[in-house]
Number of protein chains: 2
Amino acid sequence: MARRSSHTPEELRQRILEAAQNIIEREGLIGLSAREIARSIGYSPGTLYNIFENLDDVLLTLQTQMMASLVDVMKAVPTAETPQLTIDALAHAYVDFALDNKRMWNLLFTHYLPSEMAAPVALIENVNIVSSIVESAIAPLMAKAGKLEIEVAAKALWAGVHGVTAIAVTDKGPTLNSATAHAFARQLVTTYTRGLTCK
Amino acid sequence: MARRSSHTPEELRQRILEAAQNIIEREGLIGLSAREIARSIGYSPGTLYNIFENLDDVLLTLQTQMMASLVDVMKAVPTAETPQLTIDALAHAYVDFALDNKRMWNLLFTHYLPSEMAAPVALIENVNIVSSIVESAIAPLMAKAGKLEIEVAAKALWAGVHGVTAIAVTDKGPTLNSATAHAFARQLVTTYTRGLTCK
DNA sequence: ACTTCCAATTGACCGGCGTTCATTTTTATT
DNA sequence: AATAAAAATGAACGCCGGTCAATTGGAAGT
């Protein structure tokens, strides 16, 4: 059959991505399959492969979308009265974003794509944008420092916030989890920035 | 057939775990399958299920072993002249451990076991031991602080070191990767501990 | 209205997977 | 030698990712 449904290729593409995202949020990566996606949008498995190269292509596209959303969220964080407060707000936004999309956020960092499959430029670029946002926020605290020094300081801190987030989203253990993630992130940011500013 | 080979059940168990570990280090989780394990030790697939409940049981056992190794490594880190140096040495050991066993270390944090499968007590206990090692190292810097405060400070820092490690092992991007991981961990530890000690 | 054409879609097919379990083989015991 | 128990098998089930020749049905041309 052909053109049975009224979906344009773009619509179909979006429906596939939505379906995949729903399945992941519901059942995790483990529950995702081409057949399950096809079932949930009322198409046959083969149809997926007319639009995406394979399942990894679908996942890579989702990763790219997620990263773009993250950048949007972080860009929307307003500059606060002090650099410390701005960084704290950025960390809060980051943690919130992850907690709101636990499984999809996890996907960003835990799904290894086959090495022969290059990450799209847009994805890499957005990673850099996140870095630069943090660098801009941290720079005022390091007036006398060079560009490289600032970059290192920003990336170390952000990797740290990332670590807090990563542990929190798994929700194991009673101490560092979804409920307490913001507090731990604040502790890290506060102490780290104090370390930056006082000798 | 039965008892064809000369392997005791314990030996067989170890061979399965070794084979699984080799496959994971070589090809990642994606390459792991019960059939592949069986092939690589010269048994039929069914045999695995005489010894382990299922593949997740194998993975959980590997996770437990890995965590035990990590604890061994961290316990072996000698107390240095200053708390700062001790913490730095602990971070170094942690990063080293992860870099030496990238895929297996990743397994510790990225493989979601089905929720109906509880983590073994030994695994949870060892996570707590890692925490307590860091707490002991950080306590001298927080003489006036309460137990809870120390715990929070230690866990936030260690989640941070974990984050640096997590990003480094994926080896994407030119900045924070295997080659630079130790430097970033040191940056985080140094700045954070300075933030703890100076007002 | 009728035909032609072609993009859209299908679904059978391949090889592989996790897991189960009745059956077979081997060892140990009597 | 006979028997019981243990160990290992491999066929079977229902899934999976991915391919592709065949089919369908709307659009365009007449």
Side-chain angles (χ1 to χ4, degrees), chain A residues 1-24 26-63 107 111-117, chain B residues 1-24 26-63 107 111-117:
Chain A
M1 319 170 196
R3 248 161 298 186
R4 279 205 311 203
S5 58
S6 51
H7 303 309
T8 68
E10 303 311 313
E11 279 173 348
L12 192 43
R13 192 184 163 81
Q14 286 312 313
R15 297 188 112 234
I16 290 171
L17 291 171
E18 269 175 43
Q21 189 159 351
N22 286 339
I23 293 168
I24 291 173
R26 208 175 333 112
E27 316 173 37
L29 252 189
I30 206 73
L32 188 73
S33 74
R35 290 174 142 85
E36 184 66 24
I37 294 173
R39 270 192 291 272
S40 92
I41 62 171
Y43 277 81
S44 70
T47 298
L48 290 201
Y49 294 87
N50 296 333
I51 298 189
F52 292 95
E53 268 203 29
N54 49 40
L55 257 196
D56 277 318
D57 187 18
V58 174
L59 286 172
L60 198 51
T61 306
L62 285 177
Q63 286 181 325
L107 179 64
H111 178 65
Y112 278 86
L113 16 124
S115 46
E116 67 271 15
M117 208 166 162
Chain B
M1 318 167 197
R3 245 162 300 183
R4 278 203 312 202
S5 59
S6 50
H7 303 309
T8 69
E10 303 311 315
E11 278 174 347
L12 193 43
R13 193 185 163 82
Q14 286 313 312
R15 298 188 111 234
I16 290 170
L17 292 171
E18 269 176 42
Q21 188 158 351
N22 286 338
I23 293 168
I24 291 172
R26 208 180 328 114
E27 317 173 38
L29 251 190
I30 206 73
L32 188 73
S33 74
R35 291 175 138 89
E36 183 67 23
I37 295 173
R39 270 191 293 273
S40 91
I41 61 171
Y43 278 81
S44 70
T47 299
L48 290 203
Y49 294 85
N50 295 336
I51 298 189
F52 292 95
E53 267 202 29
N54 48 39
L55 256 197
D56 276 319
D57 187 18
V58 174
L59 285 172
L60 198 50
T61 305
L62 285 177
Q63 286 181 327
L107 179 65
H111 179 65
Y112 278 85
L113 16 124
S115 46
E116 68 270 15
M117 208 167 161

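Below, chain A is the first sequence line, B the second, and so on; all start at residue 1.
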Pairs of donor and acceptor atoms involving the side chains of residues 34-42 of chain B, under 3.5 Å and at least two apart or interchain, shall be tabulated with distances.
unit_1   : atom_1 : unit_2   : atom_2 : d
Glu36(B) : OE1    : Arg39(B) : NE     : 3.4
Glu36(B) : OE1    : Arg39(B) : NH2    : 3.0
Ser40(B) : OG     : Ile37(B) : O      : 3.2

Euclidean distance, atom CD1 of residue Ile51(A) to atom P of dG18(D) [Å, nearest integer]: 15 Å
Value in whole Å for how far the P atom of dG16(C) lies from CD1 of Ile23(B): 15 Å
With Thr47(B) via side chain to side chain contact (heavy atoms under 4.5 Å, CB included) - residues at least two apart: Leu12(B), Tyr43(B), Ser44(B)
Any Val58(A) side-chain heavy atom under 4.5 Å of Leu32(A) side chain: no
Non-neighbouring partners of Glu18(A) that pass side chain to side chain contact (heavy atoms under 4.5 Å, CB included), sequence neighbours left out: none
Nearest-angstrom distance from the residue atom CG of Leu12(B) to C1' of dT26(C): 15 Å
Sequence-distant partners of Asp56(A), side chain to side chain donor-acceptor pair (under 3.5 Å), two or more places apart: His111(A)
Among dT10(C), dT19(C), dA8(D), the nucleotide that comes nearest once only the side chain of Tyr43(A) is considered: dT10(C)
Sequence-distant partners of Glu53(A), salt bridge (charged side-chain N to carboxylate O under 4.0 Å, His left out), two or more places apart: none
5' priority, DNA chain C, between Thr47(B) and Thr47(A) [closest heavy atom]: Thr47(A)
Gap between atoms CG and P, on Leu48(A) and dT9(C) respectively (whole Å): 12 Å
Sugar-phosphate or base contact per nucleotide [nucleotides 12-17 of chain D; S, B, -; heavy atom under 4.0 Å]: B---BB
Atom-pair distance (CG on Asn50(B); C1' on dT9(D)), nearest Å: 9 Å
Rounded interatomic separation in angstrom, taking CZ from Arg13(A) and P from dA8(C): 14 Å
Atom-pair distance (CD on Glu27(B); P on dC17(C)), nearest Å: 10 Å
Phosphate contact (dG10(D) OP1 or OP2) by Ser44(B) side-chain N/O below 4.0 Å: no
From dA7(D), dT9(D), dT9(C), nucleotide with atom closest to Pro9(B) side chain: dA7(D)
Side chain to side chain contact (heavy atoms under 4.5 Å, CB included) partner of Phe52(B), the single match among Leu59(B), Thr61(B), Leu60(B): Thr61(B)
Separation of atom CD1 in Ile30(A) from atom C1' in dC17(C), rounded to whole Å: 12 Å
